[in-house]
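Working notes, structure below.
Heavy-atom basis, side chains included; hydrogens, waters and symmetry copies ignored.
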Amino acid sequence: MSNAISDAPTRSRLLAGDGGTPVRKILLPYGRQSIGEEDIQAVVDVLRSDWLTTGPKVGEFEEAFAAWVGAKYAVSFSSGTAALHGAAFAAGLKPGDEAITSPMTFAATANCVLYQGATPVFTDVSADTLNVNPERIVERITSRTRAILPVDYAGHPAEIDTILEVADRHGLVVIEDACHALGAEYRKRRTGSIAHMTAFSFHPVKHLTTGEGGMVTTSRVDLAGTLRRFRNHGISSDARQRQSDGQWFYEMVLLGFNYRLTDIACALGLSQLKRLDENLSRRREIAAQYTSAFTELAGIVPPAVRPGVNPAWHLYPIRLDLKKLSANRAQVFRALRAENIGVNIHYIPVHRHPYYRDRFGYKGGEFPVAEEAYDRLISLPMFHGMSDEDVQDVIHAVSKVAAHFRT
């Protein structure tokens, strides 16, 4: 059944927030999981098996995932945040160290540095992609810097080759936060196969879901070994290995956490991995339709895509040209919500959160490119389960609201 109120040409031009008819009957969320019968059966099969966690599906998922992205190793974690924490540990971050990252991200990117007792050092972003600016990274390196954590904002890969060159000159580890960028391509290489370590998220709104879950990919055997021990209490073997070997002995060799991903989740991940190419293709189709519709729409600035990059489109963040609109971002946001378009905002720059302001003394204005962008950003619905009608509803609503507020 259609969610639209009526055909586009006859819909009310009066904004829903002003008493007009909304574009949709029910809210279209900004992101949503897509679960099929094959996924459900994969989970049921594990529930009927001998292993619910630390079993065979974990290794199968890790091997398949590593092969898909083009890395030698993949180590699963209970969440994307746990994956970032594991990578920060494997990088050797400790109290007194610093790690450079972007303020235009979810707080977990910087928090994983704090978990290790180190200090996150923010640097401003490039105005087009909102990814961390390599030129600004160089300015922030000190004798205490140990790692760089670039973020692939919205699924557009950061300038990872340039960042790796900077890291190599200074002996730093690069942890790519690709929680938005599974399937993205940078100079014909898939994200996850380039940086020293790359962290992914399998949250329900991502390209592939395990419910909650994450992964770190790397081509270094030493880092993979440390990551595996860290996610298993720091223990040198797992229960399935000990049962297979017919022995009981184990040793804790480092202080780790219980960050294991279950066989239940990994079965779901394996099933979803089969459709990843299809999911990415659909997101790219949606992004292309949005960009075509908004490129000439006054007051709306579509996201930029640099040459040599094929984004994964976790998000589709437009920016408002407030000089061409009689409204601020909050008014446009509320108007689109009233039309039942589930827009969101990504992100409040991390240094503007109360915890970071109180702990590190940020006042605002330190990173002007990120802060100016934040004041104009709105994320439109973007998930591979969207129908063509859903996409047209979004386009119509944005066009309707932009026309209403056009100066």
Side-chain angles (χ1 to χ4, degrees), residues 2-32 103-107 130 153-154 180 203-205 286-287 289-291 293-303 313-354 357 364 369-383 385-387 389-407:
S2 172
N3 285 313
I5 297 299
S6 61
D7 291 337
T10 61
R11 294 177 191 170
S12 169
R13 293 185 178 182
L14 183 65
L15 292 185
D18 295 333
T21 303
V23 168
R24 291 177 60 89
K25 295 177 183 177
I26 60 174
L27 183 73
L28 177 69
Y30 93 89
R32 188 181 186 278
M104 186 55 71
T105 184
F106 185 58
L130 302 186
Y153 177 75
H180 290 185
H203 184 275
V205 297
I286 295 168
Q289 290 182 60
Y290 281 165
T291 299
F294 301 141
T295 296
E296 302 299 329
L297 184 61
I300 305 298
V301 181
W313 297 111
H314 164 55
L315 302 173
Y316 191 92
I318 60 171
R319 276 182 267 186
L320 305 179
D321 185 346
L322 297 175
K323 294 179 181 179
K324 297 180 180 179
L325 299 172
S326 62
N328 59 29
R329 195 264 306 275
Q331 291 171 296
V332 174
F333 181 93
R334 289 194 295 269
L336 288 169
R337 279 277 178 159
E339 302 292 340
N340 279 324
I341 304 300
V343 291
N344 212 322
I345 306 297
H346 299 92
Y347 290 98
I348 300 171
V350 179
H351 69 288
R352 290 176 60 166
H353 286 295
R357 293 203 314 266
V369 178
E371 293 178 39
E372 191 272 344
Y374 162 66
D375 291 334
R376 302 193 291 125
L377 280 168
I378 294 180
S379 296
L380 303 182
M382 170 57 77
F383 55 99
M386 289 176 66
S387 67
E389 183 180 67
D390 292 334
V391 176
Q392 291 306 310
D393 285 345
V394 175
I395 291 171
H396 178 75
V398 172
S399 301
K400 176 182 177 181
V401 170
H404 178 85
F405 288 119
R406 190 170 301 138
T407 57

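Interatomic distance, CG of Leu297 versus CZ of Arg406, reported as 5.5 Å (0.5 Å rounding). Here the OH-CG distance, from Tyr347 to Leu130, works out to 12.0 Å after rounding to the nearest 0.5 Å. Expressed to the nearest 0.5 Å, how far CE of Met104 lies from CD1 of Ile348 amounts to 10.5 Å. Rounded to the nearest 0.5 Å, atoms CE (Met386) and CD (Gln289) are 9.0 Å apart. For the atom pair Met382 CE and Asp390 CG, the distance stands at 12.0 Å (nearest 0.5 Å). In this structure, CD1 on Ile300 lies 12.5 Å from OG1 on Thr291, to the nearest 0.5 angstrom.
In this structure, Arg329 satisfies the cation-pi test against Tyr374, with its NZ or CZ atom closer than 6.0 Å to the six-membered ring centre and inside 45 degrees of the ring normal.
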(message) Please determine whether side chain to side chain contact (heavy atoms under 4.5 Å, CB included) holds for the pair Ile341 and Arg24, giving the CA-CA distance in whole Å, both sets of side-chain angles, and the decisive distance to 0.1 Å.
(response) CA-CA 8 Å; Ile341 304 300; Arg24 291 177 60 89; 3.7 Å; yes

(request) Please lay out, stage by stage, how Tyr290 and Val391 fare under the test side chain to side chain contact (heavy atoms under 4.5 Å, CB included). (result) CA-CA 8 Å; Tyr290 281 165; Val391 176; 3.9 Å; yes

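Remark: the backbone N or O of Glu389 is not paired with any side-chain donor or acceptor of Gln392 at under 3.5 angstrom. Remark: side-chain polar atoms of Lys400 are not paired, donor with acceptor, to backbone N or O of Leu336 under 3.5 angstrom. Counting only distance, with no hydrogens or angles, the side chain of Thr407 and the backbone of Ser326 share no donor-acceptor pair below 3.5 Å. When atom types are taken as modelled, the side chain of Asn340 and the backbone of Lys25 share a donor-acceptor pair closer than 3.5 angstrom.
Closest heavy-atom contact between Leu325 and Ala298: CD2-O, 4.5 Å. Glu339 and Val401 make their closest contact through CG-CG2, 4.4 Å (heavy atoms, listed as atom of the first residue, atom of the second, distance). The shortest non-hydrogen separation linking His396 to Val23 is CD2-CG2, 3.3 Å. Residue Phe383 comes nearest to Gly31 through the heavy atom pair CD2-CA, 3.7 Å, listed as atom of the first residue, atom of the second, then distance. What you find for Pro302 and Tyr316 is that their closest heavy atoms are CB-OH, 3.4 Å. For the pair Arg352 and Asp375, the tightest heavy-atom approach, listed with the atom from each and the gap, is NH1-OD1, 4.2 Å.
The neighbour count for Arg32 CZ, taken as heavy atoms of other residues, nucleotides or ligands under 6.0 Å away, does not exceed 12. For Tyr30, the OH atom is densely surrounded, since the number of other residues' heavy atoms within 6.0 Å is greater than 12.
Using the six-membered ring where Trp is involved, Tyr153 and His180 have ring planes that are tilted, between 30° and 60° apart.
A 4.5 Å side-chain heavy-atom check between Val398 and Ile378 finds every atom pair outside the cut-off. Within the 4.5 Å cutoff, the side chain of Val343 has heavy atoms near those of the Leu380 side chain.
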